[in-house]
Chemist: 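Got a structure for you, questions after.
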Amino acid sequence: MAAAYNPQNNGGPREKIKFEYGRPETLALKFVSGKNVDGRFGPQVMFTTTDERVFYLDYEDASDVESTLAGLQVQPGQPVQITKIRHPRGGGHGFQVHRVAAAHYSHPVDRRADPQDLVSDLEQSLRIAQNGTRPRAPIAIADEYRRTLPASGAPQFAPQIATAMDLSPEAELMYQSFVPAID
């Protein structure tokens with residue numbers, strides 16, 4: 001297959017993205033749907049990223065990726081993460097597509113983190129370890145919340161069910177937090 005034309009590279013070939021199993025690729029697509037092309041291995045669909053890189057998928061994979069992008073309501077230029085996965089049975093493969101917050105997307109040229117950011121992250125981790133402070137566990141937050149409740153116990157989202165069960169205070173709190181989500 002001939003390399004795709006790259007206007008930013010003086011007509012040279014574009015960088016081709018090759019998906020490896022289990023390795024997510026974060027990119028922003030120039031167009032949400034691909035372009036049908038004839039390749040060395042038969043008909044394929046070419047996708048172009050905003051930084052003029054390209055990747056090729058067969059029709060079935062391209063159709064799956066395009067329908068997932070449509071379902072996620074991804075617009076051109078919005079960053080996504082695409083991961084090639086192996087199906088556990090049958091030996092086939094597929095692609096997982098997830099939205100990525102724009103703040104977490106860096107231009108492919110900036111693939112390596114800034115060393116100063118790494119140093120400051122390491123220093124912060126060392127300070128936390130030396131001070132013995134760490135994020136509070138969810139159970140500690142739930143315990144603190146339970147202590148603020150009236151003497152009658154947990155919030156009464158579904159008192160007819162909660163009173164009928166013999167639950168520990170922690171289990172009752174957890175149960176009561178799930179009731180509104182289930183309703």
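By convention here, the first residue in the shown sequence is residue 1.
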Chemist: Mark yes when over 12 heavy atoms from residues, nucleotides or ligands other than F31 sit less than 6.0 Å from its CZ; otherwise mark no.
Modeler: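 It does not: F31 CZ has 12 such atoms or fewer within range.
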
Chemist: Output the distance between atom CD (Q81) and atom CZ (F95), rounded to the nearest 0.5 Å.
Modeler: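 Those atoms lie 13.5 Å apart.
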
Chemist: Show the nearest heavy-atom pair for residues G77 and A28, with the distance to one decimal.
Modeler: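 Distance-wise, the nearest heavy atoms are O-CB, 3.5 Å.
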
Chemist: Below 4.0 angstrom, N of the basic side chain to O of the carboxylate: do K84 and E25 qualify?
Modeler: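 Salt bridge flag = no for E25 with K84.
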
Chemist: How many angstroms lie between CD in Q75 and CG in L29, if you round to the nearest 0.5 Å?
Modeler: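 One gets 11.5 Å once the value is rounded to the nearest 0.5 Å.
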
Chemist: Do Q96 side-chain atoms and I85 backbone N/O form a donor-acceptor pair below 3.5 Å?
Modeler: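 No; judged by distance alone, with no hydrogens or angles, the pair does not exist.
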
Chemist: Name all residues meeting the side chain to side chain contact (heavy atoms under 4.5 Å, CB included) criterion together with L72; count only those two or more places apart in sequence or in a different chain, and write none if there are none.
Modeler: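 Only T68, V74, V97, R99 meet the side chain to side chain contact (heavy atoms under 4.5 Å, CB included) criterion with L72.
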
Chemist: Taking the side chain as everything from C-beta on, heavy atoms only, tell me whether V45 gets closer than 4.5 Å to D58.
Modeler: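 Side-chain contact under 4.5 Å: no.
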
Chemist: If you round to the nearest 0.5 Å, how far is CD1 of I17 from OG1 of T48?
Modeler: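 Going from the OG1 atom of T48 to the CD1 atom of I17 covers 9.5 Å.
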
Chemist: Can you tell me how far the NZ atom of K30 sits from the OG1 atom of T50, to the nearest 0.5 Å?
Modeler: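 OG1 of T50 is found 8.5 Å from NZ of K30.
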
Chemist: Could you pull out the closest heavy-atom pair between G22 and P24, with the gap in Å?
Modeler: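 Shortest heavy-atom contact: O-CD, 3.3 Å.
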
Chemist: Contact between H93 and D61 at the side-chain level, heavy atoms closer than 4.5 Å - yes or no?
Modeler: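 Contact flag for H93/D61 side chains = yes.
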
Chemist: Looking at V32 and E66, what are the two nearest heavy atoms and their distance?
Modeler: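 Taking V32 first and E66 second, the nearest heavy atoms are O-CG, 4.0 Å.
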
Chemist: Specify whether F55 and F47 have parallel, tilted or perpendicular ring planes, treating 30° as the upper limit for parallel and 60° as the lower limit for perpendicular.
Modeler: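 If you compare the ring of F55 with that of F47, the planes turn out parallel.
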
Chemist: With rounding to the nearest 0.5 angstrom, report the CG to CD distance, D51 to E15.
Modeler: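 Reported to 0.5 Å precision, the distance equals 7.5 Å.
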
